[in-house]
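The analysis underlying the following values was restricted to heavy atoms, covering all of them including side chains, and did not include hydrogens, waters or symmetry mates.
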Number of protein chains: 2
Amino acid sequence: MTPKLTDKKAAALKAALELISEHGFHGAPMSQIAQRANIGVGTIYRYFNSKEELINALYIDTKTRITQCILRKYSDNAPVRESFRQLFSEIVHYYIEHPAELSFAEQYENSPLITAATRKEGSRLAEPIMRLFQRAIAPNLLKDMPFEILGAIIYGAIIALIKLYLSGAVKFNEENLEAGLNAIWDMIKR
Amino acid sequence: MTPKLTDKKAAALKAALELISEHGFHGAPMSQIAQRANIGVGTIYRYFNSKEELINALYIDTKTRITQCILRKYSDNAPVRESFRQLFSEIVHYYIEHPAELSFAEQYENSPLITAATRKEGSRLAEPIMRLFQRAIAPNLLKDMPFEILGAIIYGAIIALIKLYLSGAVKFNEENLEAGLNAIWDMIKR
DNA sequence: TCAAACGGAATGAATATTCATTCCGGGAGA
DNA sequence: TCTCCCGGAATGAATATTCATTCCGTTTGA
């Protein structure tokens, strides 16, 4: 049996994700991260040079996993409208099933801790989605605006919808979740 | 002549806002807040029992100012569509002129530090906006969805638009700012 | 047997909070 | 009018705590 040498690395990342999502950056000291991961504090420093680096790696790691999962079924050949529908749905379901990742990502993206380079790296991961926008331009399906604007307002709206759902403030059923996503489509469709 | 007793309180709040928006909660120790406010560290504790309380007060204070300013010209008598247009525009311009407040509010709202009570207090301030939604329901102007959902996705989209603008990643002119807001209206209009 | 991985106590810097002291303005008394 | 108190506001050095990081002895596994 090959003992995964990165076992502890992954455990540290997982523990950091949980603690930060639950208690914020404040409430996630290295000592607690180590404790929750069942490893020694020193071990974390075998894999990350600093806490800052750990958090940054956690962000890249999280974003990578999310985009891979979301684009799992994506194909450049499917009809554009159908691709959008699927994309929306995947995002919603991913975050509903992984609320800690949403919480962490939102905290980090909104904090001044994130560097321009990391932000760029994050949007590079979303490149396939940019291709989807490209595919939509020819048949004139979308409003005549820069992709960045369309992308930003869509993503903002979807995330807001998910946060509302997760907050439990409103009772959701399949219907009004679907209705919400349709409304968001109306925002960008020509 | 009443000597402003709250001079220093306001100075502390202002300094905290600036530091947090620039460097995050981490990068805003009480010592620096005091220094930037040109007051003693101990003085802050005359007005707030703890840093946590200071930050909470800053949030309420900020949100109050924002909503008051945004609703400045609002009237229940104006046509609904016009009220929405104005509301959108006011929000956009307020935050563009006060980016530090946006940065702080987004950091705090996305962090687990915020309490349920504070969140509630924040949405209580937005009550007049709920009235606007109420006014829109009778003439069937909006999609048939719970207000909370409509409100959330609109606000999410607007904030995303503003953040994009402030990031400088996309060149904005009056046209595509206006186009963005129209797109957001399409999201909720029936 | 040895090198790499690990653990967690030790370290020192940073931080929030406290508190003894200073400062200041506005009466009281002469 | 001038001097002397007085109370509360303000201060920032001192304190106690927390935290990231380091160090070194132990364990692991090849």
Which nucleotide, [options], lies nearest any side-chain atom of [X]?
| X | options | value |
| --- | --- | --- |
| A:Val41 | C:dC6, D:dA10, C:dA9 | C:dA9 |
| B:Lys51 | C:dT17, C:dG8, C:dG7 | C:dT17 |
| B:Lys8 | D:dA10, C:dG8, C:dC6 | D:dA10 |
| A:Ser50 | D:dT21, D:dC19, D:dT11 | D:dT21 |
| B:Ile39 | D:dG12, D:dT11, D:dA9 | D:dT11 |
| B:Tyr45 | D:dA9, C:dT18, D:dT21 | C:dT18 |
| A:Tyr47 | D:dT11, D:dA20, C:dC6 | C:dC6 |

Would you mind reading off the distance between [X] atom [atom1] and [N] atom [atom2], rounded to a whole angstrom?
| X | N | atom1 | atom2 | value |
| --- | --- | --- | --- | --- |
| A:Ile44 | D:dC23 | CD1 | P | 17 Å |
| A:Gln35 | D:dC19 | CD | C1' | 14 Å |
| B:Met30 | C:dA16 | CE | C1' | 7 Å |
| A:Asn38 | D:dT27 | CG | C1' | 17 Å |
| A:Ile33 | D:dT21 | CD1 | P | 11 Å |
| A:Lys9 | C:dG7 | NZ | P | 16 Å |
| A:Arg46 | D:dT21 | CZ | C1' | 14 Å |
| A:Asp7 | D:dT28 | CG | P | 15 Å |

- request: Nearest-nucleotide wise, let me know which of A:Thr43 and B:Pro29 is further upstream toward the 5' end of DNA chain C.
  value: A:Thr43
Would the distance check show the side chain of [X] and the main-chain N or O of [Y] forming a donor-acceptor pair, the cut-off being under 3.5 Å?
| X | Y | value |
| --- | --- | --- |
| B:Asn173 | B:Asn176 | yes |
| A:Glu90 | A:Gln86 | no |
| B:Arg36 | B:Ile33 | no |

B:Arg81 to B:Trp185, cation-pi by 6.0 Å centre distance and 45° axis angle: yes
task: State, yes or no, whether a side-chain contact exists between B:Val170 and B:Tyr165 at a heavy-atom distance under 4.5 Å.
output: no
